[in-house]
Every structure is written in C-alpha cells, then in structure tokens.
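See structure below.
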Amino acid sequence: MDALLLDYGIHDVSLAVEPVTDPTHSPGTGSADLFTLPLSDMTRSSRAIRLVAVGADASRSANTLRGALSLANEGDSGTSLSLDASLLGPDATIIPGSAARHSAILERKGSAYTGNGEIRQFGIAFALTSTPAETLQQASHALAELTAIEQVGRLTHVPYWTCLGAAPTQEAVAAEIKDWYDALAAHPTEMIRYVEDQLRTRNVYAGPVDGAVHPELKEAVARYREALGLPSEAKISLDFFSAYLSADHRRVATRVPAAAPAAAVPAPAVPVPVDSPPAPELVPPAPSRPLALRLTKEGDARHPGRTDTETVQLLVRPNRDAYVYCFLLDEDRHIVRFFPNRFQPEARVATASGLKLPGRMPFEIALNSGGALQTVACFATEHDVLARLPTVPGAEDFAPLPFAALDEVRGAVQDATDGAFAQASLDLTPKLNRSSRSRN
C-alpha cells in the first residue's frame, strides 16, 4: 500500500484515528492504537498520511477513522470477530461509501480457541494462524490492517485491492470501481480535478488542478487513453477510469510522451461535462525564457494581543506559471516544508497572481524575538515533482526534516528535475530586536 500511494502521488492526507471500541471487553482485542501501526507502515516511503491526535487543532481539518469490535458465536465450533469502520469528514459526517464491516471466523474447540481462523475479502480467503492464547489479538490486528488498507484506498481513490491480490475483473472489484466513478461523475469538478492531478503525476499534463477542463487536459486524456489501448478521444468515461486504476503505469509511461510545459498565458478554463466531445490536438508552445523565481517580504506585523511576536507575509512569483515548493530553516535549525501543505495541496502558482504565504491559510510565519536568523528557500519547477522527491524531502508538511542545510533540499530538487528549476531564498530576522539588522 505504501508503494501504491507513492505511485499515485498521494501526499499530505491528514487523518485522525479514534480509539477502537470493544463493547464486549474481550481480552486482547480493543486497543487505542489498533489502527496506528498499519497506517504508520503504509506511509514509511510515501509519507502520504499525516496522523494527528483526535481533539487537536489539526484534527479539525482532517478526516477521522473510527471503528468498533464485536464478538458473536457462529455455532458450536466458531466465533466471529467483526470490525465495523467508517470515515468521517472534517465536518463530522460519514463519508459516503466508507462504512464497512470485516469479520474473522475463529475456530474453537469447546470454549477454547485453536489459533486458526479465516478472513474473506473480494472472495479471497486469508488464513489466520496463531497460538490459542493470541487468537483474538492476532485476529483484531489483521482486521485493523485490512480495514486501514481499504479505508485509505477509498479516501484517496487508489486501487487498494491490488494489495490483497484481487483483480479488477472480479465482480466485487468492478462494482467498487463503478461506485467510485459514479460518485465522482455526480460532481464533475471532483472527477476532473482527480484526473488532472493523476495525469500531472504521470507527467503528461502540465496545466492547473482546478476542476475545469483546459485544452491541455483534453489532449492529455486523449493521449493517455491511447496508451491504455482505448480510443484516442478527450473522454473521461468509465472504461478510461477502470483502465487507469488497472494499469501498470510504469509500462504505460513508455508509450506516452511527457507533457510540454504550460504556456506563459494559459488558455481559459471552460467547464464541460465529464464525457466531453473530442478536442482538436493542442500542444502548448515551449517557454521562450528560462524559469526564474522571485521571493519578497510583504511586511511585518505584530501578533494580535501579543507584543513579543512578529509575523511576516511572503510573496512568491515565478516568471511564468510553475510549481513551487517552499521550505523554512527555523531558529532551531530545523527544516520544514510549509508549501504545498494540507491547506493548499496544489503546488501550481500562476505568475499573474503569485502566491502569498501564508495568505489566508491558517498558519503563521513568526519571526524569532531573540534575533535568531531564519531562512526561507523556495523552488520552482516546470512539472509537479513532489511525488518524485526522495522520501525525506517529500515528508509531511510542517514536519521537521533531518537535514542540516537547505543545500541538501536543493540537491534533492535538482536530482528530481535534472537541474531544471529556479530557486529564491530570503533571510528573516525580527525588527523587535533593535540590535539586529535585517538581511532582507
């Protein structure tokens, strides 16, 4: 699952996990951390999931995974251990299609467990083997792992069934794919945004991810359909959606050329139905000037209600539409990525408007009252490369990265772009410390 999330370019998914309840109070089942281990394991390389504490401020903008265990006798020789689970959106409502129940049938002799059991999913039987004393514990952990894979797959729309050995031709899998398609197609903007994001991850689309159909998207869809063995047309249909979720995209990449960088003045967005008619082939012209990036400080401000803290607004502007990644080296010499982030995962920045940081996003860039130097470094690239950055630079937003210098981040960006990027840096020192002079 970790590799799958990495392949599909999933990042910055904030997820809160509630303790799994066990109303039967059976030993070895209910656990406050039952989901934590499988979720941590599936994000080791991809860094796709950011686990947040329930009740923390960050959890207000996160989805929440909740579950409950239950036991029931299945005749004289078996017990059913079930795990009911669902995902709640940030508004505390259940995400449609996320409610699910998985059960493990545990073998018994009399009142004692034998250590053997079975879980079925997509018609596939998974055998459980443990010592009799650990039967409930091992079964509950297996159910939690299966549930975590399924719920994250549904939340991010990645083909999680491949992790379980199921094929897209199986009836249950085909029904799941159709359910996803129908749910997305009912909100065309969401469907278009998903396809824009995925084709940009595949490096065949260089336009914005904004839920509107651009000429570049039509051309990219037609090319990728052809690479998947489908008719070359600008149509986001069920056969395309199913083929996309079933494809080996590394092999497909050898049959489709990369997208040209977006033009300096993008074509206007035209909202159209998901199943749109074919569009004439349109390849954006190659840029005529090297990519450049400007980073300026918009001004300092005292923190409301406090006299010892200043905050700053930054303006980032590439000389043409590009993808921007910003890192901060703070006063404790920690390096964090603060853009893109959970509040604005879209890394594309238009040259016309630029990007204000933090702007209206709910975080601050606070200056150190002790006069310690902080440095911001932003990088602009022709294509979205966040998914291709090494594990550490691609880690969660606002999380400290184990680097000693911003030059190491620069090296990672250089490797991911073959040197085709622009950089701008800015040193930040507060004016509250009058003995220190700003280097800006």
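The analysis underlying the following values was restricted to heavy atoms, covering all of them including side chains, and did not include hydrogens, waters or symmetry mates.
- With rounding to the nearest 0.5 angstrom, the CG atom of Leu88 is 5.5 Å from the CD1 atom of Ile94.
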Quick one: do Tyr181 and His157 satisfy side-chain hydrogen bond (donor to acceptor under 3.5 Å, both in side chains)? Show the steps, please. CA-CA 10 Å; Tyr181 177 82; His157 292 109; over 6 Å; no
Quick one, Arg154 with Asp179, criterion salt bridge (charged side-chain N to carboxylate O under 4.0 Å, His left out). Give me CA distance, side-chain angles, the key distance, then yes/no. CA-CA 10 Å; Arg154 288 176 169 176; Asp179 285 345; over 6 Å; no
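- Judged purely by atom type and a 3.5 angstrom limit, Arg101 has no side-chain atom pairing as donor or acceptor with the backbone of Asp84.
- Without hydrogens or angle criteria, Glu196 side chain to Gly211 main chain gives a donor-acceptor distance under 3.5 Å.
- Taking CG of Asp2 as the reference point, atom CG of Asp41 lies at 8.5 Å (rounded to 0.5 Å).
- The backbone N or O of Arg251 lies less than 3.5 Å from a partner atom in the side chain of Thr254, making a donor-acceptor pair.
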Audit row: Thr296, Leu314, side-chain contact (heavy atoms from CB on, under 4.5 Å) steps and yes/no: CA-CA 6 Å; Thr296 57; Leu314 303 176; over 6 Å; no
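- In this structure, Gln313 contributes its side chain and Gly359 its backbone to a donor-acceptor pair below 3.5 Å.
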Chi angles and distances behind the side-chain contact (heavy atoms from CB on, under 4.5 Å) call for Trp161, Ile177: CA-CA 10 Å; Trp161 47 83; Ile177 293 173; 3.6 Å; yes
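- Around CD of Glu176, the count of heavy atoms belonging to other residues, nucleotides or ligands within 6.0 Å exceeds 12.
- Contact annotation: the side chain of Leu357 never approaches that of Leu315 to less than 4.5 Å [non-hydrogen atoms, C-beta and beyond].
- Note: Tyr194 and Tyr244 have perpendicular aromatic rings, judged against thresholds of 30 and 60 degrees for the angle between ring planes.
- Checking each of Val13, Leu65, Thr36 against Leu51 for a side chain to side chain contact (heavy atoms under 4.5 Å, CB included) leaves exactly one that passes, namely Thr36.
- The aromatic rings of Phe363 and Phe343 sit parallel, their planes meeting at an angle under 30°, below the 60° perpendicular limit.
- A donor-acceptor pair under 3.5 Å is absent between the side-chain atoms of Ser242 and the main chain of Leu238, judged by distance alone.
- A donor-acceptor pair under 3.5 Å is absent between the side-chain atoms of Asp397 and the main chain of Phe338, judged by distance alone.
- Within the 4.5 Å cutoff, no side-chain heavy atoms of Leu15 are placed close to those of Arg50.
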Begin with the C-alpha distance, continue with both residues' side-chain angles, and end with the deciding distance and a verdict on side-chain hydrogen bond (donor to acceptor under 3.5 Å, both in side chains) for Ser425 and Gln423. CA-CA 7 Å; Ser425 300; Gln423 178 182 354; 3.2 Å; yes
Are Leu291 and Glu382 close enough, and set up right, to give a side-chain contact (heavy atoms from CB on, under 4.5 Å), and what steps lead you there? CA-CA 8 Å; Leu291 184 61; Glu382 302 282 6; 4.2 Å; yes
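- Rounded to the nearest 0.5 Å, atoms CD (Gln374) and CZ (Arg333) are 9.0 Å apart.
- Asp197 and Tyr8 form no side-chain donor-acceptor contact under 3.5 Å, judged by distance and modelled atom types alone.
- Interatomic distance, Ile10 CD1 to Ser46 OG, rounded to the nearest 0.5 Å: 9.0 Å.
- Looking only at side-chain heavy atoms (C-beta outward), Val413 and Tyr325 stay at 4.5 Å or farther from each other.
- Residues Arg317 and Leu293 form no side-chain contact, since every pair of their non-hydrogen atoms from C-beta on lies 4.5 Å or further apart.
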Applying side-chain contact (heavy atoms from CB on, under 4.5 Å) to Gln121 and His102, what does each step give before you reach the verdict? CA-CA 8 Å; Gln121 174 71 352; His102 298 293; 3.3 Å; yes
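- Between the Arg225 side chain and the Ser232 main chain, no donor and acceptor come within less than 3.5 Å of each other.
- Using a 4.0 Å cut-off between charged side-chain N and carboxylate O, Glu216 and Arg200 make no salt bridge.
- Judged by distance alone, the side chain of Arg223 and the main-chain N or O of Val204 form a donor-acceptor pair under 3.5 Å.
- Rounding to the nearest 0.5 Å gives a distance of 7.0 Å between CG of Asp12 and CG of Leu386.
- Within the 4.5 Å cutoff, the side chain of Leu428 has no heavy atoms near those of the Thr375 side chain.
- For Arg348 and Tyr323, the positive end sits near the middle of the six-membered ring, less than 6.0 Å away and at most 45° from its axis.
- Counting only heavy atoms from C-beta outward, the side chains of Cys163 and Leu4 approach each other to under 4.5 Å.
- Thr64 places none of its side-chain heavy atoms less than 4.5 Å from the side chain of Val17.
- Aromatic ring orientation, Phe379 versus Phe421: tilted (interplanar angle from 30° to 60°).
- For Gln170 (side chain) and Ala167 (main-chain N/O), a donor-acceptor pair under 3.5 Å exists by modelled atom type.
- The 12-atom threshold is exceeded at CD1 of Ile124, counting heavy atoms of other residues, nucleotides or ligands nearer than 6.0 Å.
- Within the cation-pi definition used here (under 6.0 Å to the ring centroid, within 45° of the axis), Arg410 does not qualify as a partner of Phe327.
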Decide yes or no on ring pair (Phe, Tyr, Trp, His ring centres under 6.0 Å) for His334 and Phe403, but give the supporting numbers first. CA-CA 7 Å; His334 294 150; Phe403 288 126; over 10 Å; no
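- Between Phe240 and Leu230, the closest side-chain pair of non-hydrogen atoms falls below 4.5 Å.
- Counting only distance, with no hydrogens or angles, the side chain of Thr311 and the backbone of Ile365 share no donor-acceptor pair below 3.5 Å.
- Contact check on Arg202 versus Asp384 returns no salt bridge, with no Lys/Arg side-chain nitrogen under 4.0 Å from an Asp/Glu carboxylate oxygen.
- Rounding to the nearest 0.5 angstrom, the gap separating the CG atom in Leu217 from the CD1 atom in Ile236 is 5.5 Å.
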